[in-house]
Amino acid sequence: MAQHFPFSAIVGQQEMKLALLITAVDASVGGVMVFGDRGTGKSTAVRGLAALLPKMRAVVGCRYGCDPADEAGACEECRAQLAQDKPRKTHLLPVPVVDLPLGATEDRVVGALDLERVLTQGVKAFEPGLLARAHRGFLYVDEVNLLEDHLVDLLIDVAASGENVVEREGLSVRHPARFVLIGSGNPEEGELRPQLLDRFGLSVEVSTPKDLESRVSVIRRRDEFERDRANFIAHWSKEDQKIQRQIAAARKRLAAVEVPDAFVERAASLCMSLGTDGLRGELTLIRAARATAALHGQMRVTDAHLRQIAVPALRHRLRRSPLDDSGSGVRVARALTELLGA
Ligand SMILES: [Zn+2]
C-alpha cells in the first residue's frame with residue numbers, strides 16, 4: 001500500500017487544509033481550486049486527507065464501490081441484486097484519490113461503452129472510467145487550466161449531480177459518481193474561464209513558506225519522511241487520528257449547526273459590496289461557515305467563521321476591476337474589514 005505524507009505533518013498552508021477539511025465534512029460545498037507554484041505540496045494534502053479518513057464500507061464485487069447502507073444511491077447492478085434480496089458481502093476500502101492525467105480521453109474519464117459487443121452479443125458492455133473510480137472520494141486534476149473547457153464542464157457537472165451518464169448511439173449507462181473535485185492550477189500557465197472558476201466551491205492559494213522557520217520545518221519533515229516513511233507516519237499517527245475524530249464529530253454535528261439571519265445578511269452584504277454575480281457566493285459562504293463551525297465544535301455560525309472562509313469562498317468569483325489591480329484575495333479581505341471592522 002502506498003504510504004502518504006501525513007496530513008497533520010504539513011507545515012502551514014492553513015487555508016488549503018481548512019478548505020479540504022470543509023469538503024470532508026460537507027461535500028456539497030463543492031470542489032476546491034488550488035492555485036500555486038509547482039512543488040508546494042498541492043496533491044500531498046489531498047492524499048494525506050484521504051488517507052486519514054475512515055475506510056468506507058463497500059459492496060464486494062460492485063464496480064463502483066457502492067455504499068451498502070445507501071440503497072437509494074446504489075448503482076443499477078446493486079439495485080438488481082437488492083431487488084432479488086440476495087445477501088451481499090461487504091468490505092472496507094480506502095477513500096479513493098483518483099488522478100486525472102492531462103490528455104486523458106473522454107472515454108477514459110467517463111467510461112467506455114463497447115458498442116460492438118452490444119450489437120453482436122446483446123450485452124451492455126461498459127468499461128467504467130476514472131469518474132467511477134473516484135466515487136465516494138476525490139478526483140484530483142493537476143493543471144486543470146490546461147484541460148479542455150468541455151471536459152472541465154463535464155467534471156463539474158458530474159461532481160454537482162453525483163451521477164455519470166454515458167450516452168452513445170441511443171444507448172445509455174448511468175452510475176453514481178459522487179466525488180470532491182480538486183483542481184490545481186498555476187496562474188501563470190493559462191487561465192480558467194470565469195464561468196468554470198465560479199463553479200468551484202472554494203479556492204485557495206498555496207506558496208512556498210516565506211519565513212525561515214517554516215521553511216526549515218518543511219525541509220526537515222520531508223527529509224525524515226523520505227528516509228523512513230513507516231517511522232515518520234507512525235510518529236504523526238496520533239495527530240492524524242485527532243483530525244479524523246474532529247471530522248467525524250463535525251459530520252455528526254453539521255445538521256444541527258444554526259445559521260442566524262444576521263449571518264446570512266452579512267454574507268449577502270459582503271457579496272453585494274464585491275459585486276459577485278448570482279447567489280453561489282452567498283450559498284458557499286453559508287455552507288463553508290457551517291462546516292467550519294462544526295469543525296470547531298460550535299453549534300452556531302458567527303462572524304469569526306465568516307472571517308475564516310470569506311477569502312477562499314469568494315476570491316475566484318470577483319471580476320477584474322480596471323480601477324483596482326490588487327489581488328482578489330486582498331479585495332475580499334478589505335471588504336470584510338469594512339463590514340466587520342478590523
Ligand atoms: Zn453498486
Side-chain angles (χ1 to χ4, degrees), residues 1-2 23-31 46-47 49-101 104-119 121-141 151 154-182 244 247-248 251-252 254-255:
M1 206 194 109
T23 65
V25 173
D26 182 3
S28 78
V29 170
V46 182
R47 272 162 235 285
L49 178 70
L52 72 72
L53 292 176
K55 289 210 165 99
M56 49 186 216
R57 189 154 287 285
V59 175
V60 171
C62 171
R63 302 192 288 171
Y64 309 103
C66 281
D67 178 357
D70 176 19
E71 295 189 5
C75 72
E76 286 174 12
E77 290 153 39
C78 284
R79 259 184 231 191
Q81 282 193 335
L82 279 166
Q84 294 173 16
D85 250 346
K86 276 190 190 160
R88 300 184 306 164
K89 278 194 192 144
T90 65
H91 57 169
L92 289 173
L93 296 176
V95 172
V97 179
V98 173
D99 277 295
L100 191 140
T105 61
E106 191 164 328
D107 270 6
R108 171 115 191 266
V109 176
V110 302
L113 252 175
D114 187 341
L115 289 170
E116 196 174 312
R117 270 187 69 196
V118 177
L119 295 173
Q121 302 169 25
V123 290
K124 232 185 203 181
F126 178 66
E127 187 61 50
L130 297 172
L131 296 183
R133 280 181 40 209
H135 181 43
R136 305 174 68 189
F138 297 86
L139 184 67
Y140 184 78
V141 192
L151 213 49
L154 185 150
L155 296 178
I156 298 173
D157 279 342
V158 176
S161 69
E163 188 176 51
N164 179 33
V165 183
V166 186
E167 281 171 324
R168 298 276 184 278
E169 320 270 337
L171 286 167
S172 84
V173 169
R174 56 181 62 226
H175 68 78
R178 287 187 298 278
F179 53 84
V180 175
L181 181 65
I182 312 282
Q244 190 186 79
I247 293 170
R251 282 177 176 169
K252 275 199 199 124
L254 185 69

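Order of appearance sets the numbers: ligands from 1, and atoms from 1 within every ligand.
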Under 3.5 Å donor-acceptor, [X] side chain and [Y] backbone:
| X | Y | answer |
| --- | --- | --- |
| Arg136 | Gly65 | yes |
| Arg79 | Ala72 | yes |
| Asp26 | Ser28 | yes |

Contacts of Arg178 meeting side chain to side chain contact (heavy atoms under 4.5 Å, CB included) (sequence neighbours excluded), chain-then-number -> Asp70, His135, Pro176
> Do the rings of His175 and Tyr64 sit parallel, tilted or perpendicular, given the 30° and 60° boundaries?
Replying inline: parallel
Excluding water, the protein N, O or S atoms sitting under 2.8 Å from the Zn ion (ligand 1) are Cys62 SG, Cys66 SG, Cys75 SG, Cys78 SG
Could you tell me which non-hydrogen atom of Leu254 sits nearest to which non-hydrogen atom of Val25, and how far apart they are?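 Shortest heavy-atom separation between Leu254 and Val25 comes out as CD2-O, 3.9 Å.
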